[in-house]
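Every chain is numbered from 1 and lettered A, B, ... according to where its sequence line falls, protein lines coming before strand lines.
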Amino acid sequence: MPRYNPAAIEPKWQAFWDKHQTFTTEAMPQGEKMYVLDMFPYPSGDGLHVGHPEGYTATDIVCRAARMQGKSVVHPMGFDAFGLPAEEHAIKTGEHPRIQTEQNIDTFRRQLKMLGFSYDWSRELATTDVEYFRWTQWIFLQLFDTWFDDQQQKGRPIAELPIPVEVQTAGDDAVGEYQDDHRLAYQTKAPVNWCPALGTVLANEEVIDGKSERGDHPVVRMPLRQWMLRITAYASRLEADLESLDWSEGVKALQRNWIGRSTGAEVDFWIGARSEELGASFEEWKQQRENFPRKPDGDVLRVYTTRPDTLFGATYMVIAPEHPFVEQLTTADKAAAVKAYCEQAAAKSDMDRTELAKEKTGVFTGSYATNPVNGQPTPIWVADYVLISYGTGAIMAVPAHDERDFEFAKQFQIPIQAVVDPSETASDRDAVLAGEQVFTGLGAAVNSGEFDGLSTSEFKTKITEWLTENGLGKQAVNYKLRDWLFSRQRFWGEPFPVLHELDANGKPTGHVRAVPEDQLPVDLPHLEDFKPHGRPEPPLDKAPDDWLFQTIDGVRYKRETNTMPQWAGSCWYYLRFLDPKNSKALVDPEIEKAWMPIDLYVGGAEHAVLHLLYARFWHKVLYDRGVVSTAEPFQKLVNQGMILGSNNEKMSKSRGNVVNPDDVVKEYGADSLRLYEMFMGPLEQVKPWSMEGVNGVYNFLGRVWRMIVDDNAENFCLNPAVCDDEPTDEQNRVVHKTIKAVTDDIAKLSFNTAIARMMEFTNFFTKQDRRPRAAMESLVLLLSPFAPHIAEELWRSLGHEKSLAYEPWPKYDESLLKESEVEIPVQIKGKVRGKIRVPADADQATIEETARKDEKISEQLKLKAVVKVVVVPGRLVNFVTKEKD
RNA sequence: GGCCGAGUGGCGGAAUUGGCAGACGCUCUGGACUUAAAAUCCAGUGGGGGGUAACCCCCGUGCGGGUUCGAGUCCCGCCUCGGCUACCA
């Protein structure tokens, strides 16, 4: 009867684990703790993709091995279930998105269980659970209640925000406004990416080349009231703390890049004269300047530059079309042109800006500023290649040493003044100095007055000091990171726990109040239909009045009708897994302290920037507010590589190369799928699918089965070769070598090589007529994290009643690994010319002597003079020779 | 354009501090078993050359240099592919 039959074995053991609650973890760790987390999936209608089980199998192996090594392991799974597809389905069918979402979750759960992952299912959650998003809303209230203290670099309760006297005297409204201006969650009317086809605004990250990431619809910019999260306040800590994390340098680099820290200087250019004629007033202004003001006055244009050393080469300036000074700097004769240009820029979608990026555009305002270092009048232009959202929204342009400025200067025939001399050996030096070619590298200062001759870095320091002394500038740091646009005009998301005060006419007064904590959660209202109305107002505006309006203490309020983006739920799910049923807190502090941080977090590289940055940001706020005990949530992070189709292309329906895990399990079983995905190659690498490969590991499992079980027998019995002998020395060496290799490889997440070692074990013992039971048991235990179903079945066959899930992990004995004799290569001039056998612990002299005595070697050495001998004990011998004269 | 990653047989991949390149698997070929097939088992499988044979020699880790007794691994200069990002001053 008993051929290897996964279809019979696997459901049986899955039911067993379920029934015995094998993988349910205690609330508190019992010994050494280990928190291993997978990036939870979005339960799409297509069901599980073969990419999902890749990371999930990796973490499952780590968890199963860790349990056997006596660790207390928490390994949960849940669903990131808010999002557009369910809502789009609802729009099409009129069915509530919750129905579709729950069906999809059921499918995902069934498929995950089918693969035998050792999750603690009692901790399962979905971000769409009302009891879950109650706490998402609670965290939003913390963000709303927090301001960032720059001095302490820490988020603090808004009640502790120092209120300036002038604000205090202006009354309660002014104080409230001042507080609102400092909250980590704040509102702003900002140009946003409005996508008419989806009927929603999108975050910058969701717009690719001016089109929506989802659906590829055109996106236009328009101003709208939005909730923003002040992630920029944490930019410095988000960058600095990367250092402490056990992440790949690549992902750290991605995050650093996104945060985009740069250092340079802010410099004030005087605009008191406006014209090319300065008179004496510039010198006067310069004389009376003492300190560099925190906020620029109206008589200067402040710029940010990373190259203050090129100040002498600034031949013009540019302000962004949205810059507040545009109007006042525009002279009467240029007014029409400037107005037209700015209007055009405002109407441009991001797509237009991108497409026109090759060609610079801009207009002259007619005004001049004065270069603080040399008093040169410098024309001020308006151009959209300068962004209002970065730095000060204005730049000094140095065409000789900046590619964009060079391009612009060429186009508008603006003078180009070289101030950095590339090294004398540079081939294009003359062209650079003549202003015919741009040079952005480092060099020596020229045409820079008293600073001539200084190197770029020295000059930077010196000029920044000079600017500071004279109150004309100061060192400054900037980040590319922008505040996080946090609201969406969708139905299927978390409602904001926020009320807008209304006046007697039902118009918003601008006052906002938080929904009290004890009134959470704010559930979604019942809607008759889910269609967006194509206006930027959110679908929740159609909610019934009893949801939409509230009266508290005689004041009428309207609920916030935006919802949170999908990122919200995934920003903190790892905390809820630790204490999923807690109705008093998002997580019990003792439990949080015991399990955090996450020891291993595995997921796709597509989340290397946004999800991980957002989650780290929330975590830091919760840390500052005393909710969590660690500064960082994810101590170790690993990104699995994408699995491609067998044609080496990304799997997609349109390419027809999608592999469905259900089909693979039906044909080969879950153990083969798991084993294959781990055997394909290194976890982090991109690799193509191969069905022959699946068949290969399936054959391996069959060989393991037959090594232990007699599959010719009518009824179940062990293979007659399995015996109670003591293992021979050679057998012991194989067993212990395998234990060591597999144990080490699991620790390194090098699963493909661990499997190869177990194949070698099996190839060896299959050839042995007597197979000691102890050896067979060791292999079954080693194999169990990878292929748990067959392992449980074999374990039982070997006479054990209990599951092997908590059986102690096999130990290896170093002394049994050693061979008494080793074979080492003998090289002559680096080429292998023979092999010798020597005792494993032979010293250099013995090895050299043995090598010289070797027949073949001595033959060859006779003809040559030995110049040098290199002996690496246990490794090789190399005779360096030259021809005899 | 910028940043990151990767180039090793027909394919996926393996190779402590630099130390026998190609572990393990797939594919393919031959053989055993079988009436036959499937399944299984055994052997071979980087390229070229020499030998009846046991064996022996040469070349070989994207390309070109370098360091070293010795380089897939380290250094310099390129090429190709993949991912992310893109006017951030």
**Asked** With a non-hydrogen cut-off below 4.0 angstrom, is R256(A) in contact with a base, only sugar-phosphate, or nothing?
**Response** nothing
| query | So what does T305(A) hit on the nucleic acid, given a heavy-atom distance under 4.0 Å: a base, only sugar-phosphate, or nothing? | reply | sugar-phosphate
Point to revise | S389(A) versus R482(A), side-chain donor and acceptor atoms under 3.5 Å | key: yes
inquiry  = Quiz question: by atom type and distance under 3.5 Å, do the side chains of Y479(A) and S262(A) form a donor-acceptor pair?
reply    = no
Here RNA chain B, pairs taken as Watson-Crick or G-U under 3.5 Å and shown with ( ), [ ] when crossing and | when to another strand, reads (((((((..(((......[....))).(((((.......))))).(((((....)))))..(((((..]....))))))))))))....
Contact string for nucleotides 65-73 of chain B, one letter per nucleotide 5' to 3', B = base within protein heavy-atom range under 4.0 Å, S = sugar-phosphate only, - = neither, reads ----B----
Please classify the nucleic acid contact of K767(A) as base, sugar-phosphate, or nothing, using heavy-atom distances under 4.0 Å. sugar-phosphate
More than 12 heavy atoms of other groups within 6.0 Å of K252(A) NZ = yes
Could you tell me if Y668(A) and N699(A) have a donor-acceptor pair between their side chains, going purely by distance under 3.5 Å? no
- Test item: side-chain donor near acceptor, N657(A) and N647(A), under 3.5 Å: yes
Testing rC4(B), rA23(B), rA89(B) for proximity to the side chain of S262(A), the answer is rA89(B)
task: Take atom CD of E243(A) as the centre, draw a 6.0 Å sphere, and report whether it contains more than 12 heavy atoms from other residues, nucleotides or ligands.
output: no
R757(A) meets the salt bridge (charged side-chain N to carboxylate O under 4.0 Å, His left out) criterion, sequence neighbours left out, with E760(A)
Here the distance between atom C1' of rA39(B) and atom CG of D710(A), to the nearest Å, is 15 Å
### Donor on one side chain, acceptor on other, T378(A) and N371(A), under 3.5 Å
no
Quiz item: How would you label the contact of D405(A) with the nucleic acid (heavy atoms, under 4.0 Å): base, sugar-phosphate, or nothing?
Solution: nothing
Expected label for rG51(B) (glycosidic angle, syn inside 90° of 0, else anti) would be anti
